[in-house]
Amino acid sequence: MALVAHPDDAELLCYGTLRRAAQAGATVTVVVVTHGANGVSLADAADGRRLGTDERAEEVRAAWRLTGIQLTFLGMPDGALVADRHLISAVEAELTRLGCTLLITHSLHADTDHQDHRALAGAAANAATRVATCHTILHGEPHAARAAFAPAVLVDITEHLDDKVTALAAHRTQAGRWYLGKDYTHHRAAQAGWHLRPAAAEAGRAYESFETSVLTLFPQEDWS
């Protein structure tokens with residue numbers, strides 16, 4: 001399960017990782033918490049451009065079409081997430097409803113990251129402690145500049161890198177943003193490997209990287 005704040009966040013954080021999980025037979029769901037309607041550039045806003053609250057959900061559906069990955073939209077206001085009891089309860093309800101075992105969400109430590117990302121990461125880590133099925137939490141790499149991030153987990157997404165670029169391009173209302181382009185996506189995927197697996201990176205492998213606040217490396221029933 002990927003729990004993300006905005007409509008393009010799951011593609012940025014973990015597109016290839018989710019595709020690999022689905023191919024391996026896992027039931028995979030992306031939960032998008034806000035409608036993302038404030039995702040309008042200053043230039044477009046000055047020209048009177050506005051987004052409807054359902055507009056970006058259609059882009060998410062296009063990005064994940066034919067992948068077998070399920071989508072859920074909570075429709076909360078964009079830019080206003082606070083890690084309070086309301087958000088934590090909503091997150092806990094989704095984790096429980098979906099029987100989440102492995103949760104991917106935003107980084108807990110990226111101080112320069114979007115306020116919604118930081119609020120949701122805190123709420124998710126909090127809520128997951130009360131969901132018995134959830135034994136692993138991964139926090140994806142933020143795209144915010146100068147964000148502190150120390151990955152410990154790499155997932156090889158070489159097979160899915162081109163599809164990730166295509167999925168990001170499905171977010172047409174966000175066209176032109178530097179972090180959604182092909183060059184940056186390839187650079188980011190290579191950089192993750194150079195940090196932890198330089199030999200593989202030199203061989204051209206591409207990765208998504210994660211921090212973790214909970215990582216279980218054996219079946220939960222072994223320690224229950």
Side-chain angles (χ1 to χ4, degrees), residues 1-24 26 28 30 32 39 60 63-64 67 69 101-118 120-122 124-125 128 135-171 174-218:
M1 171 178 167
L3 179 76
V4 295
H6 304 117
D8 53 5
D9 286 338
E11 292 86 319
L12 283 161
L13 291 177
C14 55
Y15 178 88
T17 301
L18 298 186
R19 290 290 307 276
R20 285 198 60 173
Q23 284 184 338
V28 179
V30 172
V32 182
V60 177
W64 294 98
T67 64
I69 291 172
T101 55
L102 190 156
L103 172 64
I104 299 177
T105 189
H106 300 280
S107 173
L108 285 167
H109 307 297
D111 291 341
T112 60
D113 206 358
H114 191 286
Q115 70 274 12
D116 283 347
H117 298 175
R118 288 184 280 116
L120 186 58
H135 55 70
T136 298
I137 307 175
L138 301 178
H139 303 273
E141 180 182 13
H143 61 269
R146 300 175 292 281
F149 185 73
V153 176
L154 287 180
V155 176
D156 190 326
I157 64 158
T158 308
E159 180 184 351
H160 298 292
L161 183 58
D162 289 340
D163 285 349
K164 176 168 180 164
V165 172
T166 300
L168 289 168
H171 293 272
Q174 308 301 297
R177 294 182 185 270
W178 57 270
Y179 53 84
L180 297 177
K182 178 180 179 180
D183 290 345
Y184 178 71
T185 300
H186 278 252
H187 170 78
R188 193 171 181 228
Q191 180 185 20
W194 283 111
H195 184 68
L196 292 176
R197 294 202 66 202
E202 186 179 32
R205 307 305 296 181
Y207 296 93
E208 286 169 342
S209 60
F210 303 90
E211 297 173 327
T212 180
S213 55
V214 180
L215 178 63
T216 304
L217 297 177
F218 46 86

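None of the values given here were measured: they were computed from a predicted structure.
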Query raised in the report: Going through the checks in order, is the side chain to side chain contact (heavy atoms under 4.5 Å, CB included) test met by E211 and L108?
Result: CA-CA 9 Å; E211 297 173 327; L108 285 167; 5.5 Å; no
Query raised in the report: Hey, mind stepping through R205 and R197 against side chain to side chain contact (heavy atoms under 4.5 Å, CB included) and telling me if it holds?
Result: CA-CA 9 Å; R205 307 305 296 181; R197 294 202 66 202; over 6 Å; no
Report task. Start with the C-alpha gap between D162 and H186, add the side-chain angles, then the distance that decides, and say whether side chain to side chain contact (heavy atoms under 4.5 Å, CB included) holds. Result -> CA-CA 9 Å; D162 289 340; H186 278 252; 4.1 Å; yes
Query raised in the report: For L168 and Y15, what are the C-alpha separation, side-chain angles and deciding distance, and is it a side chain to side chain contact (heavy atoms under 4.5 Å, CB included)?
Result: CA-CA 9 Å; L168 289 168; Y15 178 88; over 6 Å; no
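Summarising the geometry of A128 relative to I137, their closest heavy-atom pair is CB-CD1, 3.6 Å, with the distance given to 0.1 Å. In terms of heavy-atom proximity, L13 sits nearest to G140 at CD2-C, 3.6 Å. The shortest heavy-atom contact between A5 and V32 is O-CG1, 4.3 Å. Between P151 and H195, the closest heavy-atom pair is CG-CD2, 3.9 Å. Annotation for H171 and P7: closest pair CE1-O, 3.1 Å, computed over non-hydrogen atoms. Taking both residues in full, the closest heavy atoms of A110 and P142 are given as CB-CG, 3.6 Å, listed atom of the first, atom of the second, then distance.
Shown here is Q23, whose CD atom has more than 12 heavy atoms of other residues, nucleotides or ligands within 6.0 Å.
Shown here are the side chain to side chain contact (heavy atoms under 4.5 Å, CB included) partners of A21, two or more places apart in sequence or in another chain: A26, V28. Applying the ring pair (Phe, Tyr, Trp, His ring centres under 6.0 Å) rule to H160 yields no partners; only residues at least two apart in sequence or on another chain are considered. Residues satisfying the side chain to side chain contact (heavy atoms under 4.5 Å, CB included) criterion with T166, sequence neighbours excluded, are absent altogether. For E141, the salt bridge (Lys or Arg N to Asp or Glu O under 4.0 Å) criterion is met by R188, not counting sequence neighbours. A170 is linked by a side chain to side chain contact (heavy atoms under 4.5 Å, CB included) to A62, A63, counting only residues two or more places apart in sequence or in another chain. Qualifying side-chain hydrogen bond (donor to acceptor under 3.5 Å, both in side chains) partners for Q191, counting only residues two or more places apart in sequence or in other chains: none.
With rounding to the nearest 0.5 Å, the separation of CG in D9 from OG1 in T105 is 9.0 Å. In this structure, CG on D113 lies 12.5 Å from NE2 on H139, to the nearest 0.5 angstrom. Here the CG atom belonging to L154 is positioned 9.0 Å from the CZ atom belonging to F210, to the nearest 0.5 angstrom. A distance of 4.5 Å separates CG of L18 from CH2 of W64, quoted to the nearest 0.5 Å. Annotation: the span from E11 atom CD to L180 atom CG amounts to 9.0 Å, rounded to 0.5 Å. Separating the CG atom in L103 from the OG1 atom in T136 is a distance of 9.5 Å, to the nearest 0.5 Å.
Taking the six-membered ring for Trp, H106 and H114 have ring centres at least 6.0 Å apart.
Classified by interplanar angle (parallel below 30°, tilted 30° to 60°, perpendicular above 60°), the ring pair H117/H6 is tilted.
Formation of a donor-acceptor pair under 3.5 Å by the R19 side chain with backbone atoms of K164 is not found in this model. The backbone N or O of A192 sits nowhere less than 3.5 Å from a side-chain atom of S209 that would complete a donor-acceptor pair.
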